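Just below is one structure, and these are the notes that go with it.
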Amino acid sequence: MQVLVEAPQHSGLTGPLDYLADQALPPGTLVRVPLGRRTVTGLVWDAPTADADAWAADQLKPVAEVLPDLPPLPPTWRQLVRFASAYYQRSLGEIAMMVLPPELRQLDAVQWGRRFKRLTKSLAQPPAATDAPEVLPDLTPEQQTVLDALAPSLAPGDAEPAPTTYLLWGSTGSGKTEVYLRQADRALQAGRQVLLMVPEINLTPQLEARVAARFAGRNIVSLHSGLTPAQRLRNWMLAHLGLADIVLGTRLAVFTPLPRLGLVVVDEEHDPSYKQQDGARYSARDLAVYRGQLEKVPVLLGSATPSLETWFNALPQAEGGAGRYQRLTMPSRVGQGAMPRVRRLDLSREPKPRPGQEAPPLAQALLDAIAERVARGEQSLVLLNRRGYAPVLQCSDCGWKSECPQCSAWRVFHKVDRTLRCHHCGLTDRVPRACPNCGNLDIHPLGRGTEKLEEQLAAALPDARVGRIDADVTKLKGALEDRLASVHAGEVDILVGTQMVAKGHDFRRITLVAAVNPDAALFASDFRAAERQFALLLQAAGRAGRDASVAQGSEMWVQTWHPDHPLYAALARYDYEFFAQQQLKERQMAGLPPYAHLAMLRAEGKTQEAAQGFLVEAAQLVEALAAELGGILLYPPVPTAVQRVANIERAQMLIEAESRPALQRLLARATDDWLALAHQHRPRGLVRWAVDVDPLAI
DNA sequence: AGCACGCCGACT
DNA sequence: GTCGGCGTGCTC
């Protein structure tokens, strides 16, 4: 019998292992099997294929035990795992076991039996039905139109409708969430389960509260990595047993077995968090779309600024798109709230600071505008995408800079605890009193992060209460919630933050948003930088004027050296469509997604030569195959943007293909050879290697 | 990945 | 004499 066990690719155990069993167990059954000297959890897989290498019968070990009472994982779940494994070039066992609750993988049959009994007891009680059902908000005409278009997608009955992927393109504040909830309600009414995905854990509690208020009496569970192992197991079980009606989760939730699945929603589908950035680098958004097709269930992708891939897929063929998704549009903000007026502030016209004098934190006009807000009792949000006090320290005498000894990066000066911290490897030291190189006492910060901006704003506007939200102050559990609550309570006049404040939070009294230093993205080498920046700025703008009473005078300020840049011009008009068109044109000319398909072969080694040496030979191994398949380009290996992290050198090689199937065929056939090659390169200093299919950054 | 076996340096 | 460093190799 074929059983999948958890084993990374490089272990060489790529396929299922063969075990003896007295009776045939259905595929999808969880078992415990002996592996080497230990016993591990495994998953019964399909019958062996004809070409599977047979293991000598006398060497087969028997299955140790079966986890009782656990319904087998359904065929569609196994197909999703099979697809993810093949598409992202990871072993079946790794994917299958990775997407099960960690707790489940650790229990033996006895422990599991006990847990299951306790679980079923607690599952028996349905949630208390509330006495007063929520009053539904009136739908805007746009919401109504969209819901009408979505109606047939769930119609039960004889003529099975073709499953469709929808792009719900709605501006920030257009009421996308209400559409999700109404459509979810339809699915629930039809007796189906709903999978609702959000990009970040941060955003689950507030959405969960809203979902719970709407669907009182329904079983709603969340699934994300912030849960305790016991909670995660419980919620997963509820979903798998068909007892949970709504699963609310982050990217890992895409693999939740749902026997009655009727709708998948991917909120903020453009968000990079949907792509796993280590291990099996899957895109939960793309897998959600696949899963929808597989299970014949509609998938609703929502965004104000869709990823260009999704936009292209939703663009009709007549307009040069792929016409694969159906596009639904909601351009207006709910409740007359207008988007804030965008003001581009030309930094080149600002007076230059006198020599030796520091530039003011913000241009005077922007500072005045914020002061005005403070005086009126309104709030402002100032965005700077760089945490810490200063990105680097420098000695004024010998020119020493605070370089990380383990990485090719500067260590960031954090003034609050007087540390130098590497944002790549985490190495932290107290900031030196004097220059470590020459002993000079005058070492000064270069540049500016959120800490310094907070300090400068407090100094420039002594009457204002300045607060800050970034990854540093929200590290502790509950800290983000506390900070947000204090902003909501009006205890903060000016909120300084990184991109994390731009996402989703519903600030009622912010009437001014300012992007302090957004230009870097305009000239970044990363081809997705502009797309991400546009999404971020538009999302940030959406934080202002959420309350119609203050929307009128709300503003979005952009401090820039390039006020006429097309990105800002499009932002000023809130013209995503124009921006997307421009970007698509550029991508087509440059042969980039969605017009080309990419994979990145990444290598890490003790030396840069070790990493690149592997890549060079890896390229040689597939050159002939690439030529045979055609339309495939292998780029020369290069060091990654941050070349060294924690004393490991990193390099990468881009593979570009005109067609996705060709790329897939290449990778499928190359992986075994690369595995063997990596084995040879191990003694030569290769540490790790991996393929990243559809990489976000190149 | 685990977890072995295996062959060389500083300790009860 | 052992405890333990992590290099190499295997798991149906």
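A quick note: this is a predicted structure, and the numbers were derived from the prediction, not measured. Order of the sequence lines fixes the chain letters, A, B, ..., with proteins taken first and strands second; residue numbering starts at 1 for each chain.
Here A:P16 lies out of heavy-atom contact (under 4.0 Å) with every strand.
Taking atom CZ on A:R38 and atom C1' on C:dT11, their separation rounds to 8 Å, with Å as the unit. For the pair A:L43 CG and C:dC12 C1', the computed distance is 15 Å after rounding to whole Å. Between the P atom of C:dG9 and the NE2 atom of A:H679 lies a distance of 6 Å, rounded to the nearest Å. Going from atom CG of A:L20 over to atom P of C:dC12 covers 11 Å, rounded to whole Å. Taking atom OH of A:Y19 as the reference point, atom P of C:dC12 lies 5 Å away to the nearest angstrom. Taking atom CD of A:Q59 as the reference point, atom C1' of C:dC10 lies 12 Å away to the nearest angstrom. Distance A:Q680 CD to C:dG9 C1': 16 Å, rounded to the nearest Å. Rounding to whole angstrom units, CG of residue A:L13 and P of C:dC10 are separated by 12 Å.
Sparse packing is recorded around CD of A:E658, with 12 or fewer heavy atoms of other residues, nucleotides or ligands lying under 6.0 Å away. Sparse packing is recorded around CZ of A:R669, with 12 or fewer heavy atoms of other residues, nucleotides or ligands lying under 6.0 Å away.
Scored by the side-chain hydrogen bond (donor to acceptor under 3.5 Å, both in side chains) test, A:R260 finds A:D245 as partners (sequence neighbours excluded). By the side-chain hydrogen bond (donor to acceptor under 3.5 Å, both in side chains) test, A:R114 pairs with no residue at all, sequence neighbours left out.
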